[in-house]
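Written out below as structure tokens is the structure these notes cover.
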Amino acid sequence: MTFDLFDNLDDPGPPPEPLADGAMVLRGIARANAETLLADVHAVTAAAPWRHMITPGGLQMSVAMTNCGHAGWVSDKRGYRYDPIDPLSGQPWPAMPVSFRELAITAAGQAGFPGFAPDACLINRYEPGTRLSLHQDRDERDFNAPIVSVSLGLPAIFLFGGMRRADRPQRVRLAHGDVVVWGGPSRLAFHGVAPLADGDHPLLGRLRINLTFRKAL
Ligand code: SIN
Ligand code: FE2
């Protein structure tokens with residue numbers, strides 16, 4: 001047990017919690033910088049507002065999304081893709097904030113993926129009751145880079161499955177500041193988020209915000 005009397009930056013924190021080969025949870029590593037991260041989310045959404053994308057099947061997603069970085073993940077009737085232009089504004093996506101990039105690189109390094117160079121960050125906003133069904137992140141060009149996923153605000157149950165959709169997923173509670181990294185043999189693992197339980201978070205109220213960093217291009 002340590003007390004953070006000195007807010008020790010060298011404190012390695014709890015060890016990574018393995019989920020599968022190449023996948024782990026880094027508990028609380030985004031907590032200390034959460035207010036900066038959220039101010040930067042706010043700045044991104046001023047230029048690239050939250051929107052509910054349409055799936056290729058024509059359904060509106062319950063989770064609100066936006067992006068920053070060189071490319072943004074978009075879904076519409078034509079399919080899923082990374083696009084350097086925000087279709088809503090007709091402008092490039094906002095640049096990836098330094099606070100985001102530094103966290104993503106640090107997390108990837110701690111998880112055993114040095115040299116991560118994220119060029120895209122999808123930002124998801126969950127309200128109580130919203131969910132993300134099981135899927136693989138496979139629209140990126142290069143699967144050598146991991147996915148880094150940062151949880152802020154209300155806790156969620158993250159579903160972490162296997163290589164087949166039918167594999168029963170692990171249910172992992174992710175709290176404010178927790179980061180999940182999956183890469184290597186887990187890079188194409190199915191994953192999703194169970195319907196968000198209601199709550200009241202000191203920084204985000206009734207919301208959960210998730211940042212996922214990818215090397216898309
Ligand atoms: C995602 O799969 O893109 C997001 C996962 C999450 O919100 O935890
Ligand atoms: Fe995903």
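Both counts, for ligands and for their atoms, begin at 1 and track the order of listing.
- Heavy atoms of Leu174 found under 4.0 angstrom from ligand 1: none, in either backbone or side chain.
- A donor-acceptor contact shorter than 3.5 Å links the side chain of His176 to the backbone of Gly153.
- Between the side chain of Asp119 and the main chain of Ala216, a donor-acceptor pair closer than 3.5 Å is present.
- Residue Tyr126 approaches ligand 1 through these ligand atoms, each under 4.0 Å from one of its heavy atoms: 4 (C), 5 (C), 6 (C), 7 (O).
- Residue Ile209 holds its CD1 atom at 10.0 Å from CG of Leu154, rounded to the nearest 0.5 Å.
- Rounded to 10°, the angle formed at the Fe ion (ligand 2) by His135 NE2 and His191 NE2 is 90°.
- In terms of protein heavy atoms, atom 1 (C) of ligand 1 is closest to Leu132 CD2, 3.5 Å.
- Against a heavy-atom cut-off of under 4.0 Å, Arg208 is close to the following atoms of ligand 1: 6 (C), 7 (O), 8 (O).
- Neither the backbone nor the side chain of Gln136 has any atom closer than 4.0 Å to an atom of ligand 1 (non-hydrogen atoms only).
- Between Arg131 and Ser62, the side chains place no donor N or O within less than 3.5 Å of an acceptor N or O (distance only, hydrogens not considered).
- The hydrophobic cluster containing Val193 also contains Trp73, counting ILVMFWY residues as joined when their side-chain heavy atoms lie under 4.5 angstrom apart, directly or transitively.
- Within Asp137, the N/O/S atom positioned nearest the Fe ion (ligand 2) carries the name OD1.
- Distance check, rounded to the nearest 0.5 Å: CG of Asn67 to CG of Leu211 gives 11.0 Å.
- Every atom of ligand 1 is numbered from 1 in the order shown, and the set under 4.0 Å from a heavy atom of His191 is 2 (O).
- Note that CG of Leu188 is 6.5 Å distant from CE of Met163, once rounded to the nearest 0.5 Å.
- Arg214 counts as a contact of ligand 1, since one of its heavy atoms falls under 4.0 Å from the ligand.
- Where the criterion is an N or O separation shorter than 3.5 Å, residue side chain and backbone included, Trp182 fails it with respect to ligand 1.
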